There are 2 protein chains.
Amino acid sequence: MYTVKEISTLAGVSVRTLHYYDQIGLLTPTRKAENGYRQYDDAALLRLQQILFYRELDFKLLDIRALLDDPNFDQVAALEEHGVALIARLLRVENLIATVDDTIKHLKGEKEMSKKALFEAFSEEKQAEYAKEAEEKYDPEIVRASNRKWKGYSAEKKQTILDEGNQVYVDMIAAMPKGADSSEAQAVVKRWRKHMDYFWTPNLDQLLGLATMYGQSPEFKTKFDAMHPDLTTFFREAVEIYVANK
Amino acid sequence: MYTVKEISTLAGVSVRTLHYYDQIGLLTPTRKAENGYRQYDDAALLRLQQILFYRELDFKLLDIRALLDDPNFDQVAALEEHGVALIARLLRVENLIATVDDTIKHLKGEKEMSKKALFEAFSEEKQAEYAKEAEEKYDPEIVRASNRKWKGYSAEKKQTILDEGNQVYVDMIAAMPKGADSSEAQAVVKRWRKHMDYFWTPNLDQLLGLATMYGQSPEFKTKFDAMHPDLTTFFREAVEIYVANK
DNA sequence: CTTGACATTAACCTTACGTCATAGTTTATA
DNA sequence: TATAAACTATGACGTAAGGTTAATGTCAAG
(Lines give C-alpha, C1' and ligand atoms only; values in the text may rest on other atoms or scores of the structure.)
Protein backbone atom coordinates (compact mmCIF):
# COMPACT_ATOMS: atom_id res chain seq x y z
CA MET A 1 0.00 0.00 0.00
CA TYR A 2 1.25 3.42 -0.94
CA THR A 3 0.41 6.82 0.50
CA VAL A 4 -0.34 9.82 -1.70
CA LYS A 5 3.17 11.13 -1.26
CA GLU A 6 4.72 7.87 -2.30
CA ILE A 7 2.59 7.61 -5.40
CA SER A 8 3.26 11.23 -6.08
CA THR A 9 7.04 10.85 -6.14
CA LEU A 10 6.92 7.48 -7.85
CA ALA A 11 4.81 8.71 -10.73
CA GLY A 12 6.02 12.27 -10.78
CA VAL A 13 2.65 13.91 -10.29
CA SER A 14 1.55 16.31 -7.57
CA VAL A 15 -0.53 15.30 -4.59
CA ARG A 16 -3.13 17.78 -5.75
CA THR A 17 -3.36 15.86 -9.00
CA LEU A 18 -4.12 12.66 -7.10
CA HIS A 19 -6.80 14.45 -5.14
CA TYR A 20 -8.25 15.75 -8.35
CA TYR A 21 -8.19 12.35 -10.05
CA ASP A 22 -9.99 10.95 -7.05
CA GLN A 23 -12.50 13.76 -7.21
CA ILE A 24 -13.41 13.16 -10.86
CA GLY A 25 -13.43 9.42 -10.35
CA LEU A 26 -10.48 8.83 -12.65
CA LEU A 27 -8.32 7.14 -10.05
CA THR A 28 -10.02 6.26 -6.80
CA PRO A 29 -7.73 5.03 -4.03
CA THR A 30 -7.86 1.33 -3.29
CA ARG A 31 -9.25 2.16 0.12
CA LYS A 32 -9.34 4.83 2.75
CA ALA A 33 -7.83 4.25 6.17
CA GLU A 34 -9.78 5.12 9.32
CA ASN A 35 -7.94 8.38 9.57
CA GLY A 36 -9.16 9.29 6.10
CA TYR A 37 -5.81 8.81 4.39
CA ARG A 38 -5.87 7.56 0.81
CA GLN A 39 -4.16 4.25 0.14
CA TYR A 40 -3.18 2.84 -3.24
CA ASP A 41 -2.04 -0.63 -4.27
CA ASP A 42 -0.04 -1.80 -7.28
CA ALA A 43 -3.09 -2.07 -9.48
CA ALA A 44 -3.85 1.58 -8.82
CA LEU A 45 -0.28 2.46 -9.62
CA LEU A 46 -0.54 0.66 -12.91
CA ARG A 47 -3.77 2.43 -13.72
CA LEU A 48 -2.08 5.71 -12.99
CA GLN A 49 0.64 4.84 -15.43
CA GLN A 50 -1.95 4.21 -18.08
CA ILE A 51 -3.62 7.48 -17.27
CA LEU A 52 -0.35 9.32 -17.61
CA PHE A 53 0.31 7.64 -20.90
CA TYR A 54 -2.94 8.80 -22.43
CA ARG A 55 -2.68 12.18 -20.79
CA GLU A 56 0.64 12.69 -22.50
CA LEU A 57 -1.13 11.99 -25.76
CA ASP A 58 -3.43 14.93 -25.00
CA PHE A 59 -6.49 12.86 -24.22
CA LYS A 60 -8.92 14.61 -21.94
CA LEU A 61 -9.09 13.13 -18.47
CA LEU A 62 -12.74 12.23 -18.77
CA ASP A 63 -12.07 10.51 -22.07
CA ILE A 64 -9.32 8.56 -20.40
CA ARG A 65 -11.73 7.49 -17.73
CA ALA A 66 -14.22 6.34 -20.33
CA LEU A 67 -11.48 4.58 -22.24
CA LEU A 68 -10.05 2.73 -19.28
CA ASP A 69 -13.43 1.77 -17.91
CA ASP A 70 -14.99 0.59 -21.15
CA PRO A 71 -13.62 -2.79 -22.22
CA ASN A 72 -15.16 -2.38 -25.67
CA PHE A 73 -13.09 0.67 -26.47
CA ASP A 74 -10.84 0.15 -29.48
CA GLN A 75 -7.49 1.20 -28.09
CA VAL A 76 -5.58 0.42 -31.25
CA ALA A 77 -7.82 2.58 -33.41
CA ALA A 78 -7.59 5.44 -30.95
CA LEU A 79 -3.83 5.18 -30.84
CA GLU A 80 -3.43 5.05 -34.58
CA GLU A 81 -5.56 8.11 -34.96
CA HIS A 82 -3.49 9.86 -32.38
CA GLY A 83 -0.27 8.76 -34.05
CA VAL A 84 -1.14 10.81 -37.11
CA ALA A 85 -2.01 13.78 -34.93
CA LEU A 86 1.32 13.47 -33.20
CA ILE A 87 3.22 13.52 -36.46
CA ALA A 88 1.37 16.65 -37.45
CA ARG A 89 2.40 18.12 -34.15
CA LEU A 90 5.96 17.10 -34.82
CA LEU A 91 5.96 18.82 -38.18
CA ARG A 92 4.50 21.95 -36.68
CA VAL A 93 7.16 22.03 -34.01
CA GLU A 94 9.87 21.47 -36.60
CA ASN A 95 8.48 24.34 -38.57
CA LEU A 96 8.40 26.52 -35.50
CA ILE A 97 12.01 25.78 -34.80
CA ALA A 98 12.94 26.77 -38.31
CA THR A 99 10.91 29.94 -37.94
CA VAL A 100 12.62 30.75 -34.67
CA ASP A 101 16.02 30.27 -36.24
CA ASP A 102 15.09 32.42 -39.18
CA THR A 103 13.64 35.09 -36.97
CA ILE A 104 16.81 35.22 -34.90
CA LYS A 105 18.86 35.61 -38.03
CA HIS A 106 16.42 38.21 -39.19
CA LEU A 107 16.70 40.17 -35.97
CA LYS A 108 20.46 39.97 -36.17
CA GLY A 109 20.23 41.42 -39.63
CA GLU A 110 21.68 38.33 -41.20
CA LYS A 111 18.65 37.55 -43.21
CA GLU A 112 16.01 39.24 -45.23
CA MET A 113 12.50 38.06 -44.59
CA SER A 114 9.20 39.13 -45.97
CA LYS A 115 6.35 39.60 -43.53
CA LYS A 116 4.66 36.78 -45.29
CA ALA A 117 7.54 34.40 -44.73
CA LEU A 118 7.77 35.43 -41.10
CA PHE A 119 4.25 34.40 -40.33
CA GLU A 120 3.16 31.83 -42.83
CA ALA A 121 4.10 29.08 -40.41
CA PHE A 122 0.63 29.13 -38.90
CA SER A 123 -1.52 29.76 -41.91
CA GLU A 124 -4.39 27.42 -42.52
CA GLU A 125 -2.78 26.03 -45.64
CA LYS A 126 0.28 25.12 -43.60
CA GLN A 127 -1.86 23.30 -41.09
CA ALA A 128 -3.48 21.32 -43.87
CA GLU A 129 -0.04 20.59 -45.27
CA TYR A 130 1.11 19.27 -41.91
CA ALA A 131 -1.85 16.97 -41.72
CA LYS A 132 -1.34 15.64 -45.21
CA GLU A 133 2.36 15.16 -44.78
CA ALA A 134 1.76 13.49 -41.44
CA GLU A 135 -0.43 10.87 -43.02
CA GLU A 136 2.22 10.12 -45.59
CA LYS A 137 5.01 10.06 -43.06
CA TYR A 138 3.09 7.76 -40.82
CA ASP A 139 2.82 5.24 -43.61
CA PRO A 140 5.87 2.98 -43.54
CA GLU A 141 4.96 1.82 -47.04
CA ILE A 142 6.55 4.95 -48.44
CA VAL A 143 9.99 3.90 -47.28
CA ARG A 144 9.71 0.47 -48.78
CA ALA A 145 8.59 2.05 -52.04
CA SER A 146 11.82 3.99 -52.38
CA ASN A 147 13.84 0.83 -52.05
CA ARG A 148 11.81 -0.90 -54.71
CA LYS A 149 12.28 2.05 -57.00
CA TRP A 150 16.07 1.84 -56.91
CA LYS A 151 16.07 -1.90 -57.35
CA GLY A 152 13.98 -1.53 -60.47
CA TYR A 153 16.73 0.21 -62.42
CA SER A 154 19.17 -1.66 -64.63
CA ALA A 155 22.90 -1.60 -63.85
CA GLU A 156 23.65 0.89 -66.64
CA LYS A 157 20.79 3.08 -65.56
CA LYS A 158 22.18 3.09 -62.06
CA GLN A 159 25.57 4.11 -63.35
CA THR A 160 24.05 6.90 -65.41
CA ILE A 161 22.24 8.19 -62.39
CA LEU A 162 25.39 8.15 -60.28
CA ASP A 163 27.31 9.98 -63.01
CA GLU A 164 24.59 12.56 -63.14
CA GLY A 165 24.97 12.95 -59.40
CA ASN A 166 28.66 13.60 -59.70
CA GLN A 167 28.00 16.16 -62.39
CA VAL A 168 25.76 17.97 -59.92
CA TYR A 169 28.59 18.25 -57.43
CA VAL A 170 30.98 19.48 -60.08
CA ASP A 171 28.52 22.15 -61.08
CA MET A 172 28.04 23.06 -57.47
CA ILE A 173 31.75 23.73 -57.11
CA ALA A 174 31.58 25.89 -60.19
CA ALA A 175 28.80 27.92 -58.57
CA MET A 176 30.70 28.46 -55.33
CA PRO A 177 32.28 31.81 -56.20
CA LYS A 178 28.83 33.25 -56.87
CA GLY A 179 27.64 32.47 -53.36
CA ALA A 180 25.20 29.96 -51.90
CA ASP A 181 22.24 32.22 -52.53
CA SER A 182 23.13 32.89 -56.14
CA SER A 183 20.70 31.78 -58.77
CA GLU A 184 23.41 29.48 -60.14
CA ALA A 185 23.84 27.61 -56.88
CA GLN A 186 20.10 27.48 -56.33
CA ALA A 187 19.61 26.05 -59.80
CA VAL A 188 22.08 23.30 -59.00
CA VAL A 189 20.24 22.49 -55.81
CA LYS A 190 17.06 22.25 -57.82
CA ARG A 191 18.76 19.83 -60.20
CA TRP A 192 20.05 17.83 -57.28
CA ARG A 193 16.58 17.55 -55.90
CA LYS A 194 15.34 16.36 -59.25
CA HIS A 195 18.22 13.92 -59.38
CA MET A 196 17.27 12.47 -56.00
CA ASP A 197 13.93 11.70 -57.50
CA TYR A 198 15.43 8.71 -59.31
CA PHE A 199 15.69 7.12 -55.98
CA TRP A 200 12.99 8.58 -53.81
CA THR A 201 11.19 11.89 -53.47
CA PRO A 202 12.38 13.65 -50.36
CA ASN A 203 10.31 16.48 -48.98
CA LEU A 204 12.03 19.71 -48.02
CA ASP A 205 12.81 18.54 -44.53
CA GLN A 206 14.33 15.35 -45.75
CA LEU A 207 16.27 17.20 -48.41
CA LEU A 208 17.91 19.30 -45.75
CA GLY A 209 18.51 16.25 -43.62
CA LEU A 210 20.28 14.58 -46.51
CA ALA A 211 22.48 17.58 -47.17
CA THR A 212 23.36 17.71 -43.50
CA MET A 213 24.24 14.04 -43.37
CA TYR A 214 26.53 14.51 -46.36
CA GLY A 215 28.63 16.67 -44.10
CA GLN A 216 28.42 14.34 -41.15
CA SER A 217 29.42 11.00 -42.52
CA PRO A 218 33.16 10.42 -42.83
CA GLU A 219 32.82 8.55 -46.10
CA PHE A 220 30.88 11.29 -47.79
CA LYS A 221 32.90 14.02 -46.27
CA THR A 222 36.08 12.48 -47.64
CA LYS A 223 34.69 12.20 -51.10
CA PHE A 224 33.41 15.75 -51.08
CA ASP A 225 36.54 17.14 -49.49
CA ALA A 226 38.57 15.58 -52.23
CA MET A 227 36.52 17.51 -54.76
CA HIS A 228 36.68 20.78 -52.86
CA PRO A 229 37.44 21.47 -49.18
CA ASP A 230 34.42 23.74 -48.68
CA LEU A 231 31.97 21.75 -50.74
CA THR A 232 30.00 20.15 -47.89
CA THR A 233 29.58 23.44 -46.07
CA PHE A 234 28.63 25.30 -49.19
CA PHE A 235 26.31 22.56 -50.29
CA ARG A 236 24.46 22.55 -47.03
CA GLU A 237 24.18 26.30 -47.04
CA ALA A 238 22.77 26.31 -50.54
CA VAL A 239 20.22 23.66 -49.68
CA GLU A 240 19.29 25.55 -46.54
CA ILE A 241 18.59 28.65 -48.58
CA TYR A 242 16.71 26.63 -51.14
CA VAL A 243 14.51 25.08 -48.48
CA ALA A 244 13.96 28.41 -46.74
CA ASN A 245 12.66 29.93 -49.96
CA LYS A 246 10.59 26.86 -50.58
CA MET B 1 -9.30 50.12 -41.88
CA TYR B 2 -10.53 46.68 -41.04
CA THR B 3 -13.48 45.55 -38.95
CA VAL B 4 -13.22 42.80 -36.37
CA LYS B 5 -14.64 40.27 -38.76
CA GLU B 6 -12.16 41.14 -41.45
CA ILE B 7 -9.22 40.87 -39.12
CA SER B 8 -10.69 37.70 -37.75
CA THR B 9 -10.82 35.95 -41.11
CA LEU B 10 -7.53 37.43 -42.29
CA ALA B 11 -5.59 36.25 -39.28
CA GLY B 12 -7.59 33.14 -38.53
CA VAL B 13 -8.57 34.10 -35.01
CA SER B 14 -12.04 34.45 -33.51
CA VAL B 15 -13.77 37.76 -32.92
CA ARG B 16 -13.90 36.85 -29.26
CA THR B 17 -10.15 36.63 -29.26
CA LEU B 18 -9.90 40.16 -30.62
CA HIS B 19 -12.28 41.38 -27.93
CA TYR B 20 -10.16 39.64 -25.36
CA TYR B 21 -6.89 41.04 -26.68
CA ASP B 22 -8.43 44.47 -26.53
CA GLN B 23 -9.60 43.81 -22.99
CA ILE B 24 -6.18 42.85 -21.68
CA GLY B 25 -4.53 45.63 -23.63
CA LEU B 26 -2.60 43.31 -25.87
CA LEU B 27 -4.04 44.61 -29.12
CA THR B 28 -6.09 47.77 -28.86
CA PRO B 29 -7.94 48.81 -32.00
CA THR B 30 -6.50 51.74 -33.89
CA ARG B 31 -9.63 53.67 -33.04
CA LYS B 32 -13.25 53.25 -32.21
CA ALA B 33 -15.94 54.58 -34.51
CA GLU B 34 -18.84 56.64 -33.13
CA ASN B 35 -21.02 53.58 -33.09
CA GLY B 36 -18.48 51.86 -30.88
CA TYR B 37 -17.16 49.52 -33.56
CA ARG B 38 -13.50 48.58 -33.38
CA GLN B 39 -11.31 49.55 -36.30
CA TYR B 40 -7.85 48.27 -37.08
CA ASP B 41 -5.21 49.47 -39.51
CA ASP B 42 -2.28 47.66 -41.11
CA ALA B 43 0.00 48.37 -38.18
CA ALA B 44 -2.47 46.64 -35.90
CA LEU B 45 -2.62 43.72 -38.28
CA LEU B 46 1.15 43.44 -38.19
CA ARG B 47 1.14 43.53 -34.42
CA LEU B 48 -1.41 40.78 -34.39
CA GLN B 49 0.85 38.70 -36.57
CA GLN B 50 3.65 39.19 -34.08
CA ILE B 51 1.32 38.25 -31.25
CA LEU B 52 0.35 35.07 -33.04
CA PHE B 53 3.94 34.24 -33.64
CA TYR B 54 4.87 34.41 -30.00
CA ARG B 55 1.64 32.77 -28.95
CA GLU B 56 2.52 29.82 -31.11
CA LEU B 57 5.77 29.62 -29.19
CA ASP B 58 3.74 29.20 -26.00
CA PHE B 59 4.48 32.63 -24.61
CA LYS B 60 1.82 33.87 -22.23
CA LEU B 61 -0.25 36.71 -23.60
CA LEU B 62 0.79 39.11 -20.89
CA ASP B 63 4.42 38.28 -21.54
CA ILE B 64 3.86 38.99 -25.20
CA ARG B 65 2.41 42.33 -24.30
CA ALA B 66 5.42 43.15 -22.16
CA LEU B 67 7.71 41.95 -24.89
CA LEU B 68 6.12 43.94 -27.68
CA ASP B 69 5.75 47.09 -25.63
CA ASP B 70 9.21 47.18 -24.11
CA PRO B 71 11.80 48.28 -26.66
CA ASN B 72 14.59 47.14 -24.35
CA PHE B 73 13.40 43.56 -24.38
CA ASP B 74 16.01 41.25 -25.83
CA GLN B 75 14.00 39.44 -28.45
CA VAL B 76 16.93 37.41 -29.67
CA ALA B 77 17.74 36.08 -26.22
CA ALA B 78 14.11 35.18 -25.62
CA LEU B 79 13.89 33.41 -28.94
CA GLU B 80 17.07 31.47 -28.40
CA GLU B 81 15.86 30.34 -25.01
CA HIS B 82 12.63 29.25 -26.53
CA GLY B 83 14.42 27.49 -29.34
CA VAL B 84 15.91 25.09 -26.83
CA ALA B 85 12.52 24.50 -25.26
CA LEU B 86 11.09 23.77 -28.68
CA ILE B 87 13.73 21.18 -29.44
CA ALA B 88 13.00 19.49 -26.14
CA ARG B 89 9.36 19.48 -27.17
CA LEU B 90 10.32 17.99 -30.50
CA LEU B 91 12.25 15.20 -28.85
CA ARG B 92 9.39 14.47 -26.51
CA VAL B 93 6.95 14.27 -29.38
CA GLU B 94 9.32 11.99 -31.30
CA ASN B 95 9.50 9.76 -28.26
CA LEU B 96 5.75 9.76 -27.93
CA ILE B 97 5.36 8.68 -31.51
CA ALA B 98 7.74 5.82 -30.94
CA THR B 99 5.85 4.84 -27.81
CA VAL B 100 2.55 4.93 -29.65
CA ASP B 101 3.94 2.70 -32.37
CA ASP B 102 5.30 0.29 -29.83
CA THR B 103 2.09 0.29 -27.87
CA ILE B 104 0.06 -0.49 -30.97
CA LYS B 105 2.35 -3.39 -31.77
CA HIS B 106 2.08 -4.45 -28.17
CA LEU B 107 -1.70 -4.39 -28.24
CA LYS B 108 -1.67 -6.35 -31.47
CA GLY B 109 0.45 -8.93 -29.74
CA GLU B 110 3.37 -8.31 -32.09
CA LYS B 111 5.70 -7.12 -29.41
CA GLU B 112 6.63 -7.89 -25.88
CA MET B 113 6.95 -4.89 -23.66
CA SER B 114 7.76 -4.53 -20.03
CA LYS B 115 5.64 -2.16 -18.00
CA LYS B 116 8.74 -0.12 -17.52
CA ALA B 117 9.32 0.26 -21.25
CA LEU B 118 5.71 1.16 -21.79
CA PHE B 119 5.88 4.12 -19.51
CA GLU B 120 9.45 5.26 -19.30
CA ALA B 121 8.78 7.86 -21.99
CA PHE B 122 7.69 10.37 -19.37
CA SER B 123 9.99 9.60 -16.53
CA GLU B 124 11.87 12.48 -14.99
CA GLU B 125 15.17 11.16 -16.24
CA LYS B 126 13.80 11.17 -19.75
CA GLN B 127 12.68 14.76 -19.39
CA ALA B 128 16.14 15.73 -18.23
CA GLU B 129 17.60 13.82 -21.14
CA TYR B 130 15.38 15.73 -23.56
CA ALA B 131 16.51 19.02 -22.12
CA LYS B 132 20.17 18.11 -22.26
CA GLU B 133 19.96 16.73 -25.73
CA ALA B 134 18.03 19.77 -26.85
CA GLU B 135 20.78 22.07 -25.70
CA GLU B 136 23.33 20.08 -27.59
CA LYS B 137 21.23 19.84 -30.68
CA TYR B 138 20.52 23.51 -30.68
CA ASP B 139 24.14 24.48 -30.39
CA PRO B 140 25.53 25.02 -33.87
CA GLU B 141 29.02 24.93 -32.38
CA ILE B 142 28.79 21.19 -32.15
CA VAL B 143 28.56 20.87 -35.90
CA ARG B 144 31.53 23.10 -36.46
CA ALA B 145 33.49 21.11 -33.89
CA SER B 146 32.97 17.89 -35.81
CA ASN B 147 34.33 19.49 -38.93
CA ARG B 148 37.40 20.72 -37.13
CA LYS B 149 37.94 17.29 -35.70
CA TRP B 150 38.07 15.62 -39.07
CA LYS B 151 40.29 18.30 -40.54
CA GLY B 152 42.78 17.74 -37.71
CA TYR B 153 43.68 14.26 -38.86
CA SER B 154 46.60 13.54 -41.18
CA ALA B 155 45.99 12.00 -44.59
CA GLU B 156 47.19 8.57 -43.46
CA LYS B 157 45.10 8.75 -40.34
CA LYS B 158 42.08 9.53 -42.46
CA GLN B 159 42.79 6.54 -44.64
CA THR B 160 43.14 4.30 -41.61
CA ILE B 161 39.83 5.50 -40.30
CA LEU B 162 38.10 4.86 -43.59
CA ASP B 163 39.60 1.37 -43.79
CA GLU B 164 38.39 0.68 -40.31
CA GLY B 165 34.95 1.78 -41.44
CA ASN B 166 34.96 -0.66 -44.30
CA GLN B 167 36.03 -3.41 -41.96
CA VAL B 168 32.94 -2.65 -39.89
CA TYR B 169 30.69 -3.21 -42.88
CA VAL B 170 32.45 -6.46 -43.77
CA ASP B 171 31.95 -7.70 -40.24
CA MET B 172 28.35 -6.63 -40.37
CA ILE B 173 27.79 -8.82 -43.43
CA ALA B 174 29.41 -11.68 -41.55
CA ALA B 175 26.94 -11.18 -38.72
CA MET B 176 23.89 -11.18 -40.98
CA PRO B 177 23.04 -14.88 -40.72
CA LYS B 178 22.81 -14.54 -36.95
CA GLY B 179 20.13 -11.89 -37.15
CA ALA B 180 20.05 -8.17 -36.46
CA ASP B 181 19.39 -8.72 -32.79
CA SER B 182 22.24 -11.17 -32.34
CA SER B 183 25.03 -10.21 -29.98
CA GLU B 184 27.41 -10.37 -32.95
CA ALA B 185 25.49 -7.81 -34.97
CA GLN B 186 25.00 -5.63 -31.92
CA ALA B 187 28.71 -5.75 -31.19
CA VAL B 188 29.43 -4.52 -34.70
CA VAL B 189 27.00 -1.66 -34.27
CA LYS B 190 28.77 -0.76 -31.08
CA ARG B 191 32.08 -0.74 -32.96
CA TRP B 192 30.56 1.35 -35.69
CA ARG B 193 29.44 3.87 -33.14
CA LYS B 194 32.90 3.99 -31.69
CA HIS B 195 34.29 4.36 -35.16
CA MET B 196 32.07 7.35 -35.85
CA ASP B 197 33.67 8.96 -32.87
CA TYR B 198 36.74 9.73 -34.96
CA PHE B 199 34.61 12.21 -36.74
CA TRP B 200 31.95 13.34 -34.33
CA THR B 201 29.99 11.82 -31.48
CA PRO B 202 26.44 11.24 -32.56
CA ASN B 203 23.77 10.68 -29.93
CA LEU B 204 21.38 7.78 -30.35
CA ASP B 205 18.93 9.75 -32.44
CA GLN B 206 21.63 10.92 -34.76
CA LEU B 207 23.06 7.44 -34.98
CA LEU B 208 19.76 6.14 -36.20
CA GLY B 209 19.42 9.08 -38.55
CA LEU B 210 22.78 8.26 -40.04
CA ALA B 211 21.94 4.61 -40.53
CA THR B 212 18.69 5.63 -42.19
CA MET B 213 20.42 8.03 -44.51
CA TYR B 214 22.82 5.30 -45.54
CA GLY B 215 19.86 3.56 -47.04
CA GLN B 216 18.42 6.67 -48.59
CA SER B 217 21.28 8.15 -50.50
CA PRO B 218 21.93 6.61 -53.91
CA GLU B 219 25.70 6.84 -53.55
CA PHE B 220 25.77 4.99 -50.29
CA LYS B 221 23.16 2.54 -51.29
CA THR B 222 25.15 1.61 -54.34
CA LYS B 223 28.29 1.04 -52.36
CA PHE B 224 26.49 -1.02 -49.77
CA ASP B 225 24.48 -2.95 -52.32
CA ALA B 226 27.71 -3.91 -54.03
CA MET B 227 28.91 -5.44 -50.79
CA HIS B 228 25.66 -7.23 -50.04
CA PRO B 229 22.13 -6.58 -51.37
CA ASP B 230 20.51 -6.63 -47.93
CA LEU B 231 23.21 -4.74 -46.09
CA THR B 232 21.47 -1.37 -45.80
CA THR B 233 18.26 -2.91 -44.54
CA PHE B 234 20.06 -5.17 -42.12
CA PHE B 235 22.30 -2.38 -40.96
CA ARG B 236 19.43 -0.10 -40.20
CA GLU B 237 17.58 -2.84 -38.39
CA ALA B 238 20.57 -3.61 -36.24
CA VAL B 239 21.08 0.04 -35.36
CA GLU B 240 17.39 0.35 -34.61
CA ILE B 241 17.61 -2.52 -32.16
CA TYR B 242 20.78 -1.11 -30.68
CA VAL B 243 19.17 2.26 -30.13
CA ALA B 244 16.00 0.72 -28.73
CA ASN B 245 18.02 -1.14 -26.10
CA LYS B 246 19.95 2.00 -25.43
C1' DC C 1 5.71 17.42 24.82
C1' DT C 2 7.06 19.69 21.04
C1' DT C 3 8.57 19.82 16.33
C1' DG C 4 8.37 18.72 11.54
C1' DA C 5 6.64 16.06 7.96
C1' DC C 6 2.69 14.51 6.17
C1' DA C 7 -2.48 14.08 5.67
C1' DT C 8 -7.33 15.99 4.99
C1' DT C 9 -11.10 19.16 2.89
C1' DA C 10 -12.55 23.59 1.22
C1' DA C 11 -12.38 27.33 -1.57
C1' DC C 12 -10.64 30.56 -4.52
C1' DC C 13 -7.23 31.47 -8.57
C1' DT C 14 -5.37 30.71 -13.20
C1' DT C 15 -5.29 30.98 -18.92
C1' DA C 16 -7.31 32.02 -23.00
C1' DC C 17 -10.73 32.14 -24.63
C1' DG C 18 -16.09 29.61 -25.89
C1' DT C 19 -20.69 30.34 -25.31
C1' DC C 20 -24.82 32.49 -24.57
C1' DA C 21 -27.78 36.69 -23.57
C1' DT C 22 -29.27 41.08 -24.69
C1' DA C 23 -29.24 44.92 -27.44
C1' DG C 24 -27.85 48.31 -30.93
C1' DT C 25 -26.33 49.04 -36.13
C1' DT C 26 -25.68 48.25 -40.88
C1' DT C 27 -26.64 46.15 -45.18
C1' DA C 28 -29.33 43.35 -48.46
C1' DT C 29 -33.43 42.25 -50.17
C1' DA C 30 -38.74 42.06 -50.94
C1' DT D 1 -39.69 51.45 -47.14
C1' DA D 2 -40.16 47.59 -44.22
C1' DT D 3 -37.89 43.93 -42.62
C1' DA D 4 -34.81 40.29 -42.28
C1' DA D 5 -29.98 38.92 -42.17
C1' DA D 6 -25.62 39.92 -40.75
C1' DC D 7 -22.69 42.29 -37.96
C1' DT D 8 -21.40 44.89 -33.77
C1' DA D 9 -21.18 45.78 -28.69
C1' DT D 10 -20.88 44.61 -23.61
C1' DG D 11 -21.52 41.52 -19.79
C1' DA D 12 -21.51 37.40 -17.49
C1' DC D 13 -20.81 32.66 -16.86
C1' DG D 14 -18.32 28.23 -18.12
C1' DT D 15 -14.26 25.36 -19.15
C1' DA D 16 -9.79 22.07 -18.02
C1' DA D 17 -6.55 20.62 -15.06
C1' DG D 18 -4.97 21.45 -11.66
C1' DG D 19 -1.97 25.54 -8.38
C1' DT D 20 -2.24 27.85 -4.30
C1' DT D 21 -3.31 29.15 0.11
C1' DA D 22 -5.89 28.17 4.49
C1' DA D 23 -7.38 25.80 8.38
C1' DT D 24 -6.98 21.67 10.63
C1' DG D 25 -5.82 16.73 11.87
C1' DT D 26 -2.24 12.79 12.40
C1' DC D 27 2.04 10.54 13.19
C1' DA D 28 6.95 9.37 14.26
C1' DA D 29 11.15 11.18 16.34
C1' DG D 30 13.76 13.42 19.86
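Per chain, numbering begins at 1; letters A, B, ... match sequence-line order. The structure presented is a predicted model; accordingly, all values stated were derived computationally and were not measured. Side chains included, hydrogens not; waters and symmetry mates left out as well; all remaining heavy atoms used.
- Put simply, NZ on B/Lys190 and OG on B/Ser183 are 11.5 Å apart, with the number rounded to the nearest 0.5 Å.
- A straight line from CD of B/Gln39 to P of C/dT25 spans 15 Å, rounded to a whole angstrom.
- An OP1 or OP2 oxygen of C/dG18 is reached within less than 4.0 angstrom by a side-chain nitrogen or oxygen of B/Ser14.
- Here A/Trp192 and A/Phe235 bring their ring centres to under 6.0 angstrom of each other.
- With C/dC17, D/dG18, C/dA7 as the choices, the nucleotide that has an atom nearest any side-chain atom of A/Tyr37 turns out to be C/dA7.
- Residue B/Tyr21 has no polar side-chain atom (N or O) positioned under 4.0 Å from OP1 or OP2 of C/dA16.
- Distance B/Lys60 NZ to C/dC13 P: 17 Å, rounded to the nearest Å.
- Atom CD1 in B/Ile7 sits about 15 Å away from atom C1' in D/dT8, given to the nearest Å.
- If you take CZ of B/Arg65 and P of C/dC17, they are 15 Å apart, rounded to a whole angstrom.
- With B/Arg38 as reference, B/His19 is the one residue of B/Met1, B/His19, B/Arg31 to meet the side chain to side chain contact (heavy atoms under 4.5 Å, CB included) rule.
- Within the 4.0 angstrom heavy-atom criterion, only backbone atoms of the sugar-phosphate kind lie near A/Val4; the bases stay farther away.
- A donor atom on one side chain and an acceptor atom on the other are not found under 3.5 Å apart for B/Tyr54 and B/Asp63.
- One finds no side-chain N or O of B/Lys5 lying less than 4.0 angstrom from the OP1 or OP2 phosphate oxygen of C/dT26.
- Between B/Asp69 and B/Arg47, at least one side-chain nitrogen of the basic residue sits less than 4.0 Å from a carboxylate oxygen of the acidic one, meeting the salt-bridge criterion.
- Of the side-chain N and O atoms in B/Arg55, one or more sit less than 4.0 angstrom from OP1 or OP2 of C/dC17.
- Rounded to a whole Å, the CG atom of A/Asp22 is 14 Å from the P atom of C/dA7.
- Of the side-chain N and O atoms in B/Thr3, one or more sit less than 4.0 angstrom from OP1 or OP2 of D/dT8.
- Checking D/dG18, D/dT8, D/dA12 against every side-chain atom of B/Arg16, the shortest atom distance belongs to D/dA12.
- Residue B/His19 places at least one side-chain N or O closer than 4.0 Å to OP1 or OP2 of D/dA9.
- Of the residues near DNA chain D, A/Leu61 and B/Val15, the one whose nearest nucleotide (by heavy atom distance) lies more toward the 5' end is B/Val15.
- Atom-to-atom, OH of A/Tyr20 to P of D/dA16 comes out at 7 Å; the value is rounded to the nearest Å.
- The nearest whole Å value for the distance from the CD atom in B/Gln23 to the P atom in C/dA16 is 12 Å.
- Regarding A/Glu34, its CD atom lies at a distance of 15 Å from the C1' atom of C/dA7, rounded to whole Å.
- In the set D/dT26, D/dA17, C/dC17, the nucleotide with an atom closest to the side chain of A/Asn35 is D/dT26.
- Listed candidates were D/dT10, C/dA7, C/dT8. Nearest to the side chain of B/Arg38 is D/dT10.
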